[in-house]
Amino acid sequence: MELKKRKDVPAELTWDLAAIYSDETKLAADLEKAQTLTDEIEAAYKGRLNTVEDILGCLDRYRVWTELCERAGNYVQLASEVDFTDAALQERYAAFSRMYAQASSRLRFIDSEVIAQDEALLRQAIARGGPNQPYLEELLRQKPYQLQPETERVLAALGPALQAPYRIYNMAKLADISFPAFRAGGEEHPLGYSLYEDSYSHDPRTEVRRAAFDAFSQKLRAYENVTAAAYQANVQAEKILADQRGYDSVFDFLLFPQRVDRHMYDRQIDLIMEKLAPHMRKYAGLLCRVHGLDRMTYADLKLPLDPGYVPPVTIEESKKYIEEGLSVMGEDYREMVRAAYRERWVDFAQNQGKSTGGFCASPYGCHSYILLTWHGQMSDVFTLAHELGHAGHFKACNAAQSVFGTNVSTYFVEAPSTMNELLLAHYLLKTNPDKRFRRWVLSNMVGNTYYHNFVTHLLEAAYQREVYKIADAGGGVQAETLNRIMGETLEKFWGSAVELTEGAELTWMRQPHYYMGLYSYTYSAGLTVATQACKRIESDGQPAVEDWKRVLAAGGTRTPLELARMAGVDISTDAPLLDTIETIGGYIDEICRLTEELN
């Protein structure tokens with residue numbers, strides 16, 4: 001389990017970025033094209049965007065510039081994400097960020113001049129916009145919050161500085177923190193961020209699991225103040241921008257790009273905190289009994305219900321599970337899954353300095369890239385299916401929309417990914433009638449899919465909401481305050497069912513989502529839509545599948561409400577969320593019943 005350096009990892013476990021650029025000269029050529037295009041756009045259109053023809057002509061060229069920068073930016077960022085200890089890769093990404101910020105600053109006049117036009121002219125441009133229509137519609141929406149042109153230009157130039165808190169967080173987490181080995185069960189065990197999050201937190205050996213949590217938490221605590229300072233800087237920057245742009249609150253500022261209102265945000269957090277908590281407490285109690293624990297602690301919550309039932313899963317074996325599990329989506333989708341393995345879209349490797357967790361990046365005009373860390377567990381299979389959901393989503397919308405139409409609301413963006421987890425689980429349930437197998441599949445759904453999205457990320461969101469309330473009132477947050485808020489959030493959800501051992505309050509240090517606006521709550525929002533749409537696929541078959549494919553292709557051209565309606569789900573009411581919570585409760589009741597029968 002000792003982590004290798006990136007250079008020592010087998011190539012077949014790494015992604016192949018050559019599909020973006022086969023060599024560095026092609027990257028350099030695109031960067032030069034982007035610079036030249038910046039000069040040409042500025043020379044041809046600055047001060048002249050007052051007719052429909054000029055606006056559309058400018059946006060045609062700006063669209064090309066956007067595609068070039070997205071392609072180059074993904075390439076350098078993806079290379080940096082797999083090794084934060086490589087100074088050359090980090091500097092290259094930083095250099096691109098500086099170049100991009102400078103060019104964006106020079107081109108900020110486009111938004112400022114277009115927004116300054118009368119609404120009637122803007123609507124004429126929208127009517128004739130074609131591939132530029134989504135961009136123009138978004139500019140019209142932003143019109144009330146636009147600042148003076150020079151201010152907007154300066155803000156664009158400050159891009160790297162405004163992103164600094166997230167970079168500081170990642171550098172502290174992935175480059176500076178070095179975890180010492182710990183002893184448990186008479187052995188010494190190596191420790192690292194990904195080793196804890198993806199392995200030890202699920203380890204069925206109680207002594208090892210709890211000792212790993214203690215060692216992990218002790219090391220985190222040594223970095224709590226610098227991590228809190230980075231987070232405070234991020235929150236304060238968002239609050240300042242919200243005030244300067246004239247939003248009523250930082251919440252309204254952060255929800256604006258998601259195209260949802262405060263009610264939809266608060267509802268997601270409040271109903272889950274109230275209605276789901278009793279079900280999850282019941283599940284925690286079941287884990288405690290099944291594993292014969294002396295008490296249920298925070299370090300035990302990610303235990304698999306039946307760790308001895310299924311043998312380790314190889315990467316090759318995962319391909320069959322996922323390909324068959326997602327076959328309902330059609331042959332094109334299956335071929336995408338095959339290509340992901342065949343063409344090395346996925347970085348499976350474990351190595352020093354690699355980002356934790358998983359994500360999918362989808363450069364426009366290229367296939368997706370997926371980062372995860374493979375530990376040979378069924379949870380890895382579900383993670384890969386999840387990320388392939390993002391890949392399938394952006395494969396469809398990138399093919400159907402211009403680059404301006406692919407900015408999907410984060411409220412909805414997790415629906416296609418979590419849909420894949422559900423489809424995989426439902427496929428597995430149909431392959432074997434054995435009670436123990438059924439319990440294992442259901443426990444994977446509850447302990448992975450729903451726990452990850454409706455518990456882990458939802459509790460992040462509940463904690464985050466309290467932080468932003470403080471910021472909105474003009475206050476600041478330090479490590480002590482963040483620890484208190486996280487501890488109170490966990491206690492409210494778990495009650496007396498789980499002992500919050502020392503270190504639980506540091507959970508806020510472990511996830512990067514707080515640097516991405518109000519993102520954490522959207523996991524449960526997306527899974528709510530996915531649960532209801534998946535039920536339609538189960539009951540209605542192919543017509544529901546075709547509706548879902550149309551949703552994927554719509555990309556960012558529809559609001560979350562509209563996308564959900566296209567899939568047959570009405571999220572304007574509480575009903576889908578309440579039904580999803582009851583569905584989770586039903587799964588837990590069945591798991592409990594099957595456990596009694598098996599015993």
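The first residue in the sequence is number 1, and the count goes up from there.
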Next item on the list: Drop me the distance from Ile584's CD1 to Asn453's CG, to the nearest 0.5 angstrom.
Entry: 9.5 Å

Notebook entry, point to check: Are a donor atom and an acceptor atom from the side chains of Arg484 and Thr481 found within less than 3.5 Å of each other?
Noted result: no

Next item on the list: Give a yes or no on whether Tyr451 atom OH has more than 12 heavy-atom contacts from other residues, nucleotides or ligands under 6.0 Å away.
Entry: yes

Note to self: Taking salt bridge (charged side-chain N to carboxylate O under 4.0 Å, His left out) as the definition, give me every residue that meets it alongside Glu188, ordered by chain and number, with sequence neighbours left out.
What the structure shows: none

Next item on the list: Check step by step if side-chain contact (heavy atoms from CB on, under 4.5 Å) holds for Thr373 and Thr356.
Entry: CA-CA 7 Å; Thr373 302; Thr356 58; over 6 Å; no

Check: Salt bridge check: are Glu81 and Lys354 linked by an N-O gap of less than 4.0 Å?
Finding: no

Checklist line | salt bridge (charged side-chain N to carboxylate O under 4.0 Å, His left out) involving Glu491 - partner list, sequence neighbours excluded | finding: none

Checklist line | Contact summary for Asn448 and Ser379, nearest pair of heavy atoms | finding: OD1-CB, 3.5 Å

Notebook entry, point to check: Do NZ/NE/NH1/NH2 and the carboxylate oxygens of Arg344 and Glu12 come within less than 4.0 Å?
Noted result: no

Item checked: Side-chain (His291) to main-chain (Thr206) donor-acceptor, under 3.5 angstrom -> no

Check: Is it the case that more than 12 heavy atoms not belonging to Lys219 sit under 6.0 Å from its NZ atom?
Finding: yes

Item checked: Donor-acceptor contact below 3.5 Å, side chain Ser417 vs main chain Glu414 -> yes

Notebook entry, point to check: So Lys469 and Glu466, salt bridge (charged side-chain N to carboxylate O under 4.0 Å, His left out) or not? Walk me through it.
Noted result: CA-CA 5 Å; Lys469 284 180 181 177; Glu466 298 308 308; 3.3 Å; yes

Next item on the list: Before giving the answer on side chain to side chain donor-acceptor pair (under 3.5 Å), spell out for Asp300 and Thr297 the whole-Å C-alpha distance, their side-chain angles and the decisive distance to 0.1 Å.
Entry: CA-CA 5 Å; Asp300 304 320; Thr297 77; 2.9 Å; yes

Next item on the list: Look up atom CD1 in Ile315 and atom CG in Asp380, then write down how far apart they are to the nearest 0.5 Å.
Entry: 9.0 Å

Check: Does a side chain donor of either Gln258 or Thr410 reach within less than 3.5 Å of an acceptor in the other side chain?
Finding: yes

Next item on the list: Would you check if the distance from the ring center of Tyr515 to the ring center of Tyr519 is below 6.0 Å?
Entry: no

Next item on the list: Kindly indicate, with the supporting measurements, whether the criterion side-chain contact (heavy atoms from CB on, under 4.5 Å) is fulfilled by Trp440 and Leu442.
Entry: CA-CA 6 Å; Trp440 169 74; Leu442 291 173; over 6 Å; no

Notebook entry, point to check: So, Phe216 versus Tyr193, ring centres under 6.0 angstrom or not?
Noted result: yes

Next item on the list: Go through the steps for Tyr523 and His513 under the test ring pair (Phe, Tyr, Trp, His ring centres under 6.0 Å), then give the verdict.
Entry: CA-CA 11 Å; Tyr523 282 88; His513 300 107; 5.3 Å; yes

Next item on the list: Please work out whether the ring planes of His386 and His390 are parallel, tilted or perpendicular, with thresholds of 30° and 60°.
Entry: perpendicular

Margin query: Please list all pairs meeting side-chain hydrogen bond (donor to acceptor under 3.5 Å, both in side chains) that have one or both residues in residues 576-588, counting only residues at least two apart or in different chains.
Written below: Gln532-Asp579, Gln532-Thr580, Lys535-Asp579, Lys535-Thr583

Next item on the list: Evaluate the criterion salt bridge (charged side-chain N to carboxylate O under 4.0 Å, His left out) for residue pair Glu590 and Lys435; output intermediate values, then yes/no.
Entry: CA-CA 11 Å; Glu590 184 175 358; Lys435 288 183 179 180; over 6 Å; no

Next item on the list: Tell me, yes or no, whether the heavy-atom count around Lys492 atom NZ, taken from other residues, nucleotides or ligands under 6.0 Å, exceeds 12.
Entry: no

Notebook entry, point to check: Checking side chain to side chain donor-acceptor pair (under 3.5 Å) for the pair Tyr411/Thr559: CA distance, chi angles, key distance, verdict?
Noted result: CA-CA 9 Å; Tyr411 187 96; Thr559 68; over 6 Å; no

Next item on the list: Please report the shortest heavy-atom distance between His393 and Pro416, naming the atom on each side.
Entry: ND1-CG, 3.3 Å

Next item on the list: Could you tell me whether Glu316 and Lys319 have a side-chain N and a carboxylate O separated by less than 4.0 Å?
Entry: yes

Check: Salt bridge or not for Asp252 and Arg262, using N-O below 4.0 Å?
Finding: no

Next item on the list: Step through it carefully: locate the ring centre of His367, locate the ring centre of Tyr369, and say whether they are under 6.0 Å apart.
Entry: yes

Item checked: Nearest non-hydrogen partners of Phe412 and Ala564, listed with the distance -> CE1-N, 4.2 Å

Note to self: We want to know whether Tyr298 and Glu505 form a side-chain donor-acceptor pair, criterion being a heavy-atom distance below 3.5 angstrom.
What the structure shows: no

Note to self: Around atom CG of Asn407, are there more than 12 heavy atoms from other residues, nucleotides or ligands closer than 6.0 Å?
What the structure shows: no

Next item on the list: Determine whether the side chains of Glu197 and Ser194 contain a donor N or O and an acceptor N or O closer than 3.5 Å.
Entry: no

Checklist line | Point-to-point distance, once rounded to the nearest 0.5 Å, from CH2 of Trp345 to CH2 of Trp15 | finding: 13.5 Å

Notebook entry, point to check: Around Arg210, counting heavy atoms of other residues, nucleotides and ligands shown, do more than 12 lie under 6.0 Å from its CZ?
Noted result: yes

Next item on the list: Give me the one residue out of Tyr463, Trp508, Tyr169 that meets ring-ring contact (aromatic ring centres under 6.0 Å, His included) with Tyr514.
Entry: Tyr463

Checklist line | Set of salt bridge (charged side-chain N to carboxylate O under 4.0 Å, His left out) partners for Asp434, sequence neighbours left out | finding: none

Margin query: Regarding Asp547 and Arg536, does a basic nitrogen lie under 4.0 Å from an acidic carboxylate oxygen?
Written below: yes

Check: Sub-3.5 Å donor-acceptor pair from the side chain of Lys275 to the main-chain atoms of Ile581, do we have one?
Finding: no

Margin query: Can you pull out every salt bridge (charged side-chain N to carboxylate O under 4.0 Å, His left out) where at least one residue sits in residues 439-464? Sequence neighbours excluded, please.
Written below: Asp306-Arg439

Notebook entry, point to check: Using 4.0 Å as the upper bound for N to carboxylate O, is an ion pair formed by Glu335 and Arg338?
Noted result: yes

Next item on the list: Please report the shortest heavy-atom distance between Arg209 and Asp203, naming the atom on each side.
Entry: NH1-O, 2.7 Å

Next item on the list: Mind checking the OG1-CD spacing from Thr383 to Glu421? Nearest 0.5 Å is all I need.
Entry: 6.5 Å

Next item on the list: Using a strict cut-off of less than 4.0 Å between a Lys/Arg side-chain nitrogen and an Asp/Glu carboxylate oxygen, indicate whether Lys282 and Asp589 qualify as a salt bridge.
Entry: yes

Next item on the list: Kindly confirm or rule out a cation-pi arrangement of Lys173 over Tyr223, judged by NZ or CZ under 6.0 Å from the six-membered ring centre and within 45° of its axis?
Entry: no

Note to self: Which residues pass the ring-ring contact (aromatic ring centres under 6.0 Å, His included) test with Phe213, not counting sequence neighbours?
What the structure shows: none

Notebook entry, point to check: Atom OG of Ser318 and atom CD1 of Ile322: how far apart are they, to the nearest 0.5 Å?
Noted result: 5.0 Å

Check: What are the two closest heavy atoms between Leu458 and Ile269, and how far apart are they?
Finding: CD2-CA, 4.0 Å

Next item on the list: Can you see which heavy atom on Asn483 is nearest to which on Arg221, and at what distance?
Entry: ND2-NH1, 4.3 Å

Margin query: Once rounded to the nearest 0.5 Å, what's the spacing between atom CG of Asp347 and atom CZ of Phe359?
Written below: 8.5 Å

Next item on the list: Determine yes or no for a side-chain-to-main-chain donor-acceptor pair under 3.5 angstrom, with Asp198 supplying the side chain and His375 the backbone.
Entry: no

Note to self: I'd like to know whether CD of Glu343 has more than 12 heavy-atom contacts from other residues, nucleotides or ligands below 6.0 angstrom.
What the structure shows: yes

